[in-house]
2 protein chains.
Amino acid sequence: MSVDDRRGRGRPRGFQELEALDRAVHVFWEHGYEGASMSELTGAMGINKPSLYAVFGSKEELFRRAVARYRDTYVAYAAATLEQPTAYAVIESYLRAAVDALTSGGHPPGCLSIQGGLSCAPANSGISEFLADYRSAFESTLAQRLARAAREGDLTPGTDTAALARFVVTLGQGLAVHAAAGAGREDLQASVDIALRAVAAVSR
Amino acid sequence: MSVDDRRGRGRPRGFQELEALDRAVHVFWEHGYEGASMSELTGAMGINKPSLYAVFGSKEELFRRAVARYRDTYVAYAAATLEQPTAYAVIESYLRAAVDALTSGGHPPGCLSIQGGLSCAPANSGISEFLADYRSAFESTLAQRLARAAREGDLTPGTDTAALARFVVTLGQGLAVHAAAGAGREDLQASVDIALRAVAAVSR
DNA sequence: ACCCCACTTTACCGCCCGGTACAAAAAAAG
DNA sequence: CTTTTTTTGTACCGGGCGGTAAAGTGGGGT
């Protein structure tokens, strides 16, 4: 189902869908789901509301697509870190890359999955749950990778791999909160230095 | 300036100010600044809007008072943990108590200073900054306490106390995000177990 | 050339937001 | 009693929210 399988009839679209979506990602990232108004979204995306609704359906659907796009664009690095050879290397490369991503230029600091809507109005509680599920998905993936590392013997026997994954993800979320508040990259890396001592203590 | 220094003239107030404020704390805690509507606030506080505005001034002032009240009521434990004798004891008791506070009943899970408004609409950016300042205040206090610990010799020489404080606070914020998403107390304590290994590595 | 039809534009919808004007109510002062 | 003062309940304000109806526009197909 490509962009070009539309029959040629009718006026062609005046904008690129992915480009508009990318701009929506930035707005949601900076202001959160509830803090991003349709006016600001359409303004940043360069389209008017009927176009937005025709293509994305609703604000909530746009947000879900924005999160998916965010994952593919900005969190793709995380999958690569899982391919490191040892548990320690996985965790170190993940945390280092996370700090870089959280504080790199060209986009708002922090993490969309947290700033997007940690807590919402009752009518939007589905947004918070959606984001929580999204976050826990990576924790599960990391836990599986660490369980494999335990089987392969690069963690000290008896290590609680689920807790270790949770520790890493928890620190990552804290880093995101810090980054959103404007913390600098070096400061966050110094926190990672200390966290890695804990990881070293359970690695071998 | 007590509650009773009002001259007796006029109709007496039909509600307790602190009691109403406590209910506002819960609403902001659960839904955040922008997610908490005036209707929901007045409903939970048991008063109508003119009373609220007469006493608290505006939604933003109410929020700031709610955060102050939250600090005095729910974060008072943090000050006590700083009085532990060693750096390790300070950090351990802080993280343990934080997990308990984040997951104890009688109030929403997580931390008001994060759920309150990590990111907001442009018009409410002052709220995010206010909360960020609030959070960094404790980090500074903890850093000072750890600097004293370094002077007293219970950290290995050369330890970056500011980074250690940041690490602890960062983990605490991650725990808050996790707790807000419904994580259980035992799961969070297991993360703390691992974090404490890093602290042990720089303690003596 | 003409029509078709998807897309764009403009204007608007009902609703709820934060905030307020006003008058009824209630207690102390005289 | 009446007056004075403060809080209460109700009803309302302008404005912005998310979302949409309908007319205008322009690049196909034939």
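The chains referred to below are lettered A, B, ... by the order of the sequence lines, with proteins before strands, and numbering in each begins at 1.
Projected onto DNA chain C by closest heavy-atom contact, B/Ala36 and A/Lys49 fall at different nucleotides, the more 5' of which corresponds to A/Lys49. Comparing A/Glu34 and B/Val55 along DNA chain D, the residue whose closest nucleotide (by nearest heavy atom) sits nearer the 5' end is B/Val55.
Between D/dG19 and A/Tyr53, a contact under 4.0 Å exists linking OP1 or OP2 to a side-chain N or O. The phosphate of C/dC17 has OP1 or OP2 within less than 4.0 Å of a side-chain N or O from B/Ser39. Phosphate contact (OP1/OP2 of C/dC7, side-chain N/O of A/Ser51, threshold under 4.0 Å): absent. Residue A/Asn48 places no side-chain N or O under 4.0 Å from the OP1 or OP2 atom of C/dT8. In this structure, A/Arg9 does not reach the D/dG29 phosphate: none of its side-chain N or O atoms is under 4.0 Å from OP1 or OP2.
The base of D/dG18 lies outside donor-acceptor range of the side chain of A/Lys59, with no N or O pair under 3.5 Å. Side-chain to base pairing of A/Arg11 with D/dT25: one donor and one acceptor N or O lie within less than 3.5 Å of each other.
At a threshold of 4.5 Å between non-hydrogen side-chain atoms, the residues A/Phe56 and A/Leu41 do not count as touching.
Taking atom CE of residue B/Met38 and atom P of nucleotide D/dC12, one finds them 20 Å apart after rounding to whole Å. The distance from atom CD of A/Glu60 to atom C1' of D/dC17 is 16 Å, rounded to the nearest whole Å. Per the geometry, CG belonging to B/Leu41 stands 8 Å off P belonging to C/dG18, to the nearest Å. The CZ-C1' distance, from A/Phe56 to D/dG19, rounds to 16 Å in whole Å. Per the geometry, CZ belonging to B/Phe15 stands 8 Å off P belonging to D/dT7, to the nearest Å. The distance from atom NE2 of B/His31 to atom P of C/dC17 is 12 Å, rounded to the nearest whole Å. Whole-Å rounding puts the A/Arg13 CZ to D/dG26 P distance at 18 Å. Between the C1' atom of C/dG19 and the CD atom of B/Glu61 lies a distance of 13 Å, rounded to the nearest Å.
The nearest pair of heavy atoms linking B/Leu131 to B/Gly117 is CD1-N, 3.4 Å. Among all heavy-atom pairs drawn from A/Ala179 and A/Thr103, the shortest one is CB-CG2, 4.3 Å. A/Leu146 approaches A/Thr161 most closely through the heavy-atom pair O-CG2, 3.5 Å.
In summary, the side chains of B/His31 and A/Glu34 do not present any donor paired with an acceptor at a separation below 3.5 Å, with no hydrogens or angles considered.
At the heavy-atom level, B/Ala121 lies nowhere under 4.0 Å from the strands shown.
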